[in-house]
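Take a look at the structure set out below.
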Amino acid sequence: MIEKIKIYKVYFFLVLCVLFWSGNFILGRFIKDEISPIELAFFRWIFALIFIFPFSLKYMNLKKCIKITKDHFFILSILAILGITLFNTIVYIALQTTQATNALLINSTTPLIVLFLSFLILGNKIKKIQILGFLLSTFGVVFIILEADFTQLSNYTFKHGDIWIIVSATVWALYSIFLRFKPKELNHVELFTTIVILGIIYLIPIYLYQGYSIKEEFEVFYNNWQIIFYVSFFASVLSFYFWNYGVSQIGPEKCSQFAHLMPLFGAILAYFFLNETIELYHLIGACFIGVGIYLSLFLAKH
């Protein structure tokens, strides 16, 4: 009985984690006219660092972290640039010009991009059924982007947002691959804190280059502090804790299955909060993506 309660607790935390991540996409689209992508990314990670700071004090060995950072500066910088500096910044840029529903569905192909890049970078073998799954999911993405109208394929111009989401998914896939080379000496809190600090350092020049005034930034923060709080605390710190708790209890492979709830949660949230309609082509494209993911990640294991 206790074990069942424990496993349900893990599932509940993972569902919340994915829900919070879906909300990040919705809010990024919701305030696209109020705050720039660079500002939102900068505020997000500054306040995430503030929120994680108490845990860092408790669980971090500062001297060890400084030494490990010096010894493994290159890989930690790669992780920071991909996971902190670029990924969410690009997502917020994409949400300026594409629907949140589109973004979430296209982003759901990330596990397949990981599979493909693992083959190219790490030399991991790919089975025929995984190739079929990759092709089906790619077809699903194209189906959504073209809005089921393949007659426009010859003269179609990609929406900038759709291209940016594909780029962001690739960035996250690269982050996931290079995460395998993280320093084993760092615990979860130490690793997260370290890459957040490095990621902010690399983000600062981009932020300063925009030429924002201090007065302007205070106004932006004052007018959007609730959303900044959400993306910093719920979509960053809490989701980080829930995800890592889940991984420690049931493993990364089972946890990854919960990430596929993002398009479902996102579409529901977008319907209620952004007045985005769920079209038939969204559902058909989602089916192709879902079948492709199942063939590539789950059926291929048997």
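- Pairing each heavy atom of A94 with each of I165, the nearest pair is CB-CG1, 3.5 Å.
- Shown here for I35 and Q96, the closest heavy-atom pair between the two residues is O-NE2, 4.3 Å.
- No donor-acceptor distance shorter than 3.5 angstrom exists from the side chain of R29 to the backbone of A100, with no hydrogens or angles considered.
- With rounding to the nearest 0.5 Å, the separation of CG in L27 from CZ in F273 is 8.5 Å.
- From C17, atom SG reaches atom CZ of F242 across 8.0 Å, with rounding to the nearest 0.5 Å.
- If you take CD on E34 and CG on N224, they are separated by 6.0 Å, rounding to the nearest 0.5 Å.
- Applying the ring pair (Phe, Tyr, Trp, His ring centres under 6.0 Å) rule to F116 yields the partners F134; only residues at least two apart in sequence or on another chain are considered.
- Both Y8 and F12 sit in one connected hydrophobic cluster of ILVMFWY residues. Membership requires side-chain heavy atoms under 4.5 Å apart, directly or through other members.
- Applying the salt bridge (Lys or Arg N to Asp or Glu O under 4.0 Å) test to every pair with at least one member in residues 213-235, sequence neighbours left out, gives no pairs at all.
- Partners of Q210 under the side-chain contact (heavy atoms from CB on, under 4.5 Å) rule, at least two apart in sequence or in another chain, are I38, I206, Y212.
- Of all non-hydrogen atoms in A103 and T98, the two that sit nearest each other are CB-CG2, 4.2 Å.
- Connection of Y59 to F233 is established within a shared hydrophobic cluster, with ILVMFWY side chains joined at heavy-atom distances below 4.5 Å, either directly or through further cluster members.
- Of the inter-residue distances, the one linking I26 atom CD1 with L104 atom CG reads 5.5 Å to the nearest 0.5 angstrom.
- The salt bridge (Lys or Arg N to Asp or Glu O under 4.0 Å) pairs that include a residue from residues 67-92 are K67-D71, where partners are two or more places apart or lie in different chains.
- Between L117 and L120 there is a side-chain heavy-atom pair separated by less than 4.5 Å.
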Could you list the donor-acceptor pairs under 3.5 angstrom formed by side chains in residues 173-185, with sequence neighbours left out?
{"residue": "S176", "atom": "OG", "partner": "W172", "partner atom": "O", "Å": "2.9"}

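- Between V18 and L14 there is no side-chain heavy-atom pair separated by less than 4.5 Å.
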Identify all side-chain donor-acceptor contacts of residues 192-202 below 3.5 Å with residues at least two apart in sequence or on another chain.
{"residue": "T193", "atom": "OG1", "partner": "S56", "partner atom": "OG", "Å": "2.8"}
{"residue": "T193", "atom": "OG1", "partner": "V189", "partner atom": "O", "Å": "2.8"}
{"residue": "T194", "atom": "OG1", "partner": "E190", "partner atom": "O", "Å": "2.6"}
{"residue": "Y202", "atom": "OH", "partner": "S77", "partner atom": "OG", "Å": "2.7"}

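- Contacts of Y241 classified as side-chain contact (heavy atoms from CB on, under 4.5 Å), with partners at least two apart in sequence or in another chain: F13, Y245.
- The side-chain contact (heavy atoms from CB on, under 4.5 Å) check on F139 picks up F143, F150, F288, with sequence neighbours excluded.
- The closest side-chain heavy-atom distance from L191 to L76 is below 4.5 Å.
- In this structure A169 satisfies the side-chain contact (heavy atoms from CB on, under 4.5 Å) test together with N107, T110, I113, sequence neighbours excluded.
- In this structure, NZ in K64 is found 6.0 Å from CG in L186, a value given to the nearest 0.5 Å.
- Interatomic distance, CZ of F229 versus CH2 of W225, reported as 7.5 Å (0.5 Å rounding).
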Can you give me every donor-acceptor pair (side chain of residues 42-50, partner residue at least two apart or in another chain, under 3.5 Å) with its distance?
{"residue": "R44", "atom": "NE", "partner": "V231", "partner atom": "O", "Å": "3.4"}
{"residue": "R44", "atom": "NE", "partner": "S236", "partner atom": "OG", "Å": "2.8"}
{"residue": "R44", "atom": "NH1", "partner": "N24", "partner atom": "OD1", "Å": "3.2"}
{"residue": "R44", "atom": "NH1", "partner": "N88", "partner atom": "OD1", "Å": "2.7"}
{"residue": "R44", "atom": "NH1", "partner": "Y92", "partner atom": "OH", "Å": "3.0"}
{"residue": "R44", "atom": "NH2", "partner": "A235", "partner atom": "O", "Å": "3.2"}
{"residue": "R44", "atom": "NH2", "partner": "S236", "partner atom": "OG", "Å": "3.1"}
{"residue": "W45", "atom": "NE1", "partner": "I84", "partner atom": "O", "Å": "3.4"}

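- Using a 4.5 Å heavy-atom cutoff, the side chains of H282 and N102 are in contact.
- In this structure, E39 contributes its side chain and S36 its backbone to a donor-acceptor pair below 3.5 Å.
- Among residues at least two apart or in separate chains, ring-ring contact (aromatic ring centres under 6.0 Å, His included) pairs with a member in residues 17-41 are F20-F234, W21-W243.
- Chaining together hydrophobic side chains whose heavy atoms lie under 4.5 Å apart leaves Y222 on its own.
- Between the H72 side chain and the T69 main chain, no donor and acceptor come within less than 3.5 Å of each other.
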